[in-house]
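To keep things clear, I will list the structure first and then write my remarks on it.
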Amino acid sequence: MTALTKDLIKLTAGAEKSSSRDDRFRQKLHLMPPVGWLNDPNGLCQLDGVYHAFFQYSPFHVEGGVKMWGHYTSRDMIDWEYQGVPLYPDQPFDCSGVYSGCAFIEGGEMYLYYTGNVKLEDSDDYDYINSGRESNTVLVTSADGMHFGHKKLIMRNSDYPSDLTLHVRDPKVWKENGTYYMLQGARTKADIGQAVIFRSEDKIHWTIHSRVETAEKFGYMWECPDYFEVDGKKILSASVQGLTGEEWKDRNVYQSGYFEVKGDILSGEYSLSDYRLWDYGFDYYAPQSFETEDGRRIQIGWMGMPDCKEYTNRTIEDGWQHCFTFPREVFVKDGVIRQRPIRELDKNKKLVKETKNCLEVQGCAVYEAHICHIRQNQFRAVLAEDLTVEYKDNKFALVFTDERNKKISCGRNIRCADIDCVEDVRILADKSSVEIFVNDGAYVFSTRYYPENERMVIEAEGAEITYCELRV
Ligand code: FRU
């Protein structure tokens, strides 16, 4: 251990000790940083029955600073235990941040691949796109998911295709027909977003295999790419920066979505569908997926948004910022890719009310409301008096109405999606977030919010409504 690592351990422990951890907006069911800042989920996996969720963590700066990996473990993805920081930015190849990456499990071992970020000293000589930075690919292994070996630098920018800028990052590894493949997000020198596929026979030595891009330019940078198969569908997920034009006008600054892959992405004989968003709310970015030991595809996103000037979070005053989405199962029904909260949540539900047409409740911040058999598209809900969720004019919308004090929205206004009809809505509310699953999860809307009261009203004439408190 270097002297720097020792100091970082001490400083992190000091910062974590000073946090209060029970302020009003701390979540009950969603993972948050102990103190400071959290962004992307990293290294999601299950090893010997235990779930691991690592996260981009900046304990010293609530607005984000140098990144390290924090670590949570769980046996059911509901109760998580914080395990501290396994990866500090303490090497010459990751000194400006242990950036995002994945876990690959094989032979009972955990292989963590991440991007070692190096940003050279501030200087007018650098543009930090083609000069002034490094993106290194690093491997760390662990036999038990709790003790981690030495960091091994396995690729640097000179190992990547020469038409790429220095922005290459966020490795995601899988195995197919005996060969290992690694996807990384990239920005080309022509400012085109891409995913790069590397291959390896031994998980250590990697060479370039192929590149994935759309026929027409689609953004200038793809971050956190992911590739997986679910219920016979092949999905390429990417968090894209630089989408412009009418379609993206009233949306988030960056997008997270997926292409369906028809054909074989590895052989080059394939086509990509249109890009579809994973989530239509305000706060959703950089999702990562993994397969559970019982064969489910679970995805977790960062319930936040980078470089966002319009809105913010009231938890900054309390010394922490951002959280993950609640884990979601990705599944296919009637040919449509959908998401639903993991089934483990069921055992935490306490049925409070089953009713029809409308519901008015008060006094519970952490709940699930399920509205099904919605008739004639009649659906409207108002949460904490100032967040309206409604279907109107063929649009499903989240609308914040606290224009004057912005206490609940913290600057958020409207997000919507064109949907032909609304049949079923599931609302999952925690202390400071709401996730709304529409039509059996064909559309999802996630947002942070900062309720000042616990009032909730649902109006859906003819529909059946089930309201459960979530015990935590
Ligand atoms: C996405 C991202 C990744 C990067 C990480 C740094 O939110 O920008 O591309 O690895 O965050 O924290």
Side-chain angles (χ1 to χ4, degrees), residues 31 33 36-44 53-71 85-89 93-103 112-119 128-129 133-140 151 155-157 160 164-173 182-188 193-196 219-226 237-243 252-258 278-279 282-289 299-308 313 321-325 446 448:
L31 285 177
W37 163 282
L38 162 151
N39 58 297
D40 314 354
N42 294 151
L44 302 179
F54 300 87
F55 58 99
Q56 287 286 284
Y57 185 25
S58 244
F60 313 133
H61 295 281
V62 69
E63 309 262 12
V66 66
K67 305 285 164 58
M68 49 190 79
W69 279 27
H71 184 199
V85 174
L87 301 175
Y88 287 98
F93 50 76
D94 67 8
C95 58
S96 311
V98 179
Y99 269 18
S100 286
C102 67
L112 299 177
Y113 294 89
Y114 73 86
T115 300
N117 180 47
V118 177
K119 201 169 165 206
Y128 300 100
I129 299 171
R133 65 188 314 141
E134 293 170 19
S135 300
N136 299 302
T137 307
V138 185
L139 169 64
V140 175
K151 296 174 177 175
M155 282 194 281
R156 45 176 80 239
N157 288 95
Y160 312 145
L164 298 180
T165 63
L166 300 174
H167 285 278
V168 179
R169 60 176 167 265
D170 310 334
K172 182 79 201 283
V173 171
M182 177 193 286
L183 203 55
Q184 298 223 36
R187 171 176 183 164
T188 70
Q194 276 195 349
V196 183
Y220 60 75
M221 172 71 193
W222 292 7
E223 295 191 300
C224 302
D226 195 358
S237 169
S239 291
V240 177
Q241 301 184 326
L243 293 173
N252 299 337
V253 44
Y254 305 136
Q255 312 299 331
S256 286
Y258 61 91
W278 285 116
D279 195 297
F282 294 91
D283 295 284
Y284 190 87
Y285 197 65
Q288 186 179 89
S289 77
Q299 191 176 54
I300 300 180
W302 168 29
M303 220 191 306
M305 189 45 59
D307 303 332
C308 176
N313 297 297
Q321 193 174 194
H322 300 309
C323 65
F324 283 173
T325 61
S446 301
R448 298 302 301 283

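Whatever order the structure lists them in is the order used to number ligands and atoms, beginning at 1. Hydrogens, waters and symmetry mates play no part in the numbers below; they use all other heavy atoms, side chains included. Just so we're clear, the structure is a prediction, and the values are computed from it rather than from any experiment.
Close N/O approach between Arg169 and ligand 1 is found [any backbone or side-chain N/O within under 3.5 Å]. When only interatomic distances are considered, the shortest N/O to N/O separation between Asn39 and ligand 1 falls below 3.5 Å.
Of all the atoms in ligand 1, the ones that sit under 4.0 Å from a non-hydrogen atom of Asp170 are 3 (C), 4 (C), 9 (O), 10 (O). Below 4.0 Å from some heavy atom of Tyr99 lie the following atoms of ligand 1, by number and element: 4 (C), 6 (C), 10 (O). For ligand 1, the atoms sitting less than 4.0 Å from at least one non-hydrogen atom of Lys67 are 12 (O), numbered in the order shown with element in parentheses. Per-residue contacts place Ser100 under 4.0 angstrom from the following atoms of ligand 1 (heavy atoms of the residue considered): 5 (C), 10 (O). Interface of Tyr285 with ligand 1, defined as ligand atoms under 4.0 Å from a residue heavy atom, comprises 1 (C), 7 (O).
For atom 11 (O) of ligand 1, the closest non-hydrogen atom of the protein is Asp40 OD2, 3.1 Å. Taking atom 12 (O) of ligand 1 as the reference point, the nearest protein heavy-atom neighbour is Gln56 OE1, 2.6 Å. At the shortest separation from atom 8 (O) of ligand 1 among protein heavy atoms lies Glu223 OE2, 2.7 Å.
With a 4.5 Å cut-off on side-chain heavy atoms, Trp37 and His322 count as touching. Taking 4.5 Å as the limit, every side-chain heavy atom of Asn136 sits out of range of all side-chain heavy atoms of Asp94. You'll find the side chain of Arg133 stays beyond 4.5 Å of the side chain of Val118, heavy atoms only.
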Exercise. Verify salt bridge (charged side-chain N to carboxylate O under 4.0 Å, His left out) between Asp283 and Arg448, making sure each step is shown before the conclusion.
Key: CA-CA 7 Å; Asp283 295 284; Arg448 298 302 301 283; over 6 Å; no
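Using bins of under 30°, 30° to 60° and over 60° for the plane-to-plane angle, the ring pair Tyr285/Trp302 lands in the perpendicular bin.
Of the N and O atoms on the side chains of Asn42 and Tyr114, not one donor lies less than 3.5 Å from an acceptor on the other residue.
A cation-pi geometry, defined here as NZ or CZ lying under 6.0 Å from the six-membered ring centre and within 45° of its normal, does not hold between Lys67 and Tyr57.
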